[in-house]
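A note on names: the letters A, B, ... follow the listed sequences, proteins ahead of strands, and every chain is numbered from 1.
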Amino acid sequence: MVAPQVKFEIRDLNVWFGPAQAIKRLDMEIAANEILSVIGPSNSGKTTFLRTLNRLIELNVNCRVSGAVELEGKDVFRIDAELLRKKIGMVFALPLPLPLSIFDNVAYGVRMHGLKNKDKIKAIAEEALKEAYLWEEVKDRLAESAFKLSGGQQQRLCIARTLAVGPEVILFDEPCSGLDPISTAKVEDAMLKLKEKYTIVLVTNNVKQAARVGDRTAFFLSGELIEVDKTDRIFTAPRDKRTDGYIRGKFG
Amino acid sequence: MKRNPYRSQKIAFALLLLATLLIIVPVGLIVVIIVQKGLPAINWQFLSDIPRQGMRAGGIFPAIVGTLYLVFGAILFALPIGLLAAIYLSEYSKENFMSRIIKLAIVNLAGVPSVVYGLFGLALFVVFFKFGASILSGSLTLGIMILPIIITTSREALESVPQSFREVSLSLGASKWQTIRHIVLPNAIPGVLTGTILGLGRAAGETAPILFTVAAFYLPQLPKSIFDQAMALPYHLYVISTQVPNVDEKVRYGTALVLLAMVLFMNLIAIIIRYKFRRKKKW
């Protein structure tokens with residue numbers, strides 16, 4: 001077996017919002033086809049980290065970035081933002097369907113990228129919905145508003161919508177924070193399956209979720225990466241006692 | 001005297017209710033008086049005939065048509081410009097000195113007295129561009145007058161579309177313009193339409209801006225092109241109320257009633273559109 005391919009290489013990354021520094025001197029690698037869980041208390045820079053990877057932080061006018069983020073050796077800040085986001089999908093903390101039908105939600109991305117062939121769009125949407133374990137539940141009501149789905153279904157719809165674009169990486173930003181345990185289990189199952197094809201970065205406030213699905217886990221605190229290692233190791237023998245404290249629920 | 005919080009709450013409540021009722025009273029009175037005095041004048045001839053006997057008899061058809069021309073001319077000019085400006089201001093412009101100046105200008109534009117617009121239209125469109133006193137000049141003047149209304153309401157409509165929709169669309173690799181075109185605009189349209197129709201109502205009712213730029217004292221025929229003068233309801237009402245002696249009261253109130261009905265009808269459409277889309281709103 002070949003050594004795992006490096007998907008992301010992050011070197012000396014700093015992010016500021018105005019005078020406040022949200023990420024401090026971050027060095028990290030993310031391997032292809034792994035699930036990297038990112039844990040840490042609120043305000044530790046987890047979400048900022050995710051939104052740097054797909055450059056969504058550029059929507060903040062007062063945001064400043066230094067350092068390098070490379071996707072397969074290419075500087076993400078030099079790639080066309082649209083092209084980059086086509087490769088790096090994102091699932092947000094709350095289920096955020098667009099105000100369109102179920103089908104149009106899934107088809108939105110490819111349509112925006114210029115695909116016109118209706119049969120192809122249909123095939124892609126069906127495939128994506130199956131991959132997100134939603135097809136059976138929605139195949140007879142594709143024309144209905146996406147807002148009629150339950151919260152868990154909406155979140156899986158958002159996953160399907162991301163998959164339909166054909167990304168290489170999927171960023172999950174606390175995807176289960178608004179979901180009940182059963183829906184959470186379904187989303188986690190989907191993630192474990194997706195890892196075969198995609199690289200996944202999962203930001204989560206739920207330490208147990210990180211333990212359940214992450215291959216590796218990174219612990220952030222106040223914008224700094226405290227440590228990153230195999231999930232087993234982080235949860236059994238962390239090197240830093242702050243990590244130990246956090247996963248035992250002693251602070252944060 | 002010891003203060004009783006329960007009683008002061010009751011007094012405050014009564015004052016608030018009183019102030020609110022005071023708003024309804026004048027509106028109700030205006031409508032009642034005008035309907036009562038104007039309704040006897042309304043018949044088919046009044047709505048479809050030209051004015052006769054020095055505007056003391058006959059109908060007001062040319063004035064109705066003139067007002068319709070002016071209103072739709074104004075919207076044709078103000079809606080595209082206003083909407084595009086609103087898109088630029090709410091989606092593209094950064095918060096800086098320039099954008100603050102623009103926003104300040106829009107607020108001030110809304111505060112300019114309508115007679116000043118009339119004088120401005122006279123100087124710019126009638127004299128400088130040599131459009132003469134014409135529907136074109138009047139429409140452009142009214143258009144500029146309602147531009148701030150359209151820009152402001154459109155901006156509010158655009159900004160009320162949740163930021164998260166934009167983020168989702170962008171995160172799927174859509175471009176900024178695609179995001180605006182497919183996600184932001186469709187969800188802002190009801191607000192934009194509401195503002196537009198409110199602007200229409202305003203344009204239909206104003207006298208001063210059309211006084212110097214288009215309105216004819218008496219023109220017993222319909223305009224043939226946008227370079228013709230035209231009669232218009234507000235100005236006609238002014239003329240028969242103050243400039244022509246011995247006009248029957250019911251003709252004056254009849255004219256007022258038609259004008260009021262047109263404006264209220266437009267407001268009603270705005271309300272219906274807003275209501276329908278609010279019910280359809282899915283977030």
Give, for atom [atom1] of [X] and atom [atom2] of [Y], the distance between the pair rounded to the nearest 0.5 Å.
X: B:S171; Y: A:L50; atom1: OG; atom2: CG; result: 11.5 Å
X: B:I183; Y: A:L100; atom1: CD1; atom2: CG; result: 5.0 Å
X: A:L98; Y: B:S164; atom1: CG; atom2: OG; result: 8.5 Å
X: A:M112; Y: B:R181; atom1: CE; atom2: CZ; result: 8.0 Å

Can you see which heavy atom on [X] is nearest to which on [Y], and at what distance?
X: A:T162; Y: B:L172; result: CA-CD2, 4.0 Å
X: B:F165; Y: A:P97; result: CE2-O, 3.6 Å
X: B:T179; Y: A:Y108; result: CA-OH, 4.1 Å

Check whether any side-chain heavy atom of A:L56 lies under 4.5 Å from a side-chain heavy atom of B:E167, and answer yes or no.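 A:L56 vs B:E167: side chains touch.
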Examine whether an atom of [X] lies under 4.5 Å from a heavy atom of chain B, and if so say whether it belongs to the side chain, the backbone or both; otherwise answer neither.
X: A:R161; result: both
X: A:L84; result: neither
X: A:P167; result: neither
X: A:L59; result: side chain

Top of A:M90, A:R51, A:R55 for chain B proximity - count of heavy-atom pairs under 4.5 angstrom: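 Option with the top pair count is A:R51.
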Go through the steps to decide whether A:E82 and B:K176 satisfy the test salt bridge (charged side-chain N to carboxylate O under 4.0 Å, His left out), and finish with yes or no. CA-CA 9 Å; A:E82 282 101 57; B:K176 185 158 186 169; over 6 Å; no
Of the backbone (N, CA, C, O) and the side chain (C-beta and beyond), which part of B:E95 lies under 4.5 Å from a heavy atom of chain A, both, or neither?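 Interface part for B:E95: neither.
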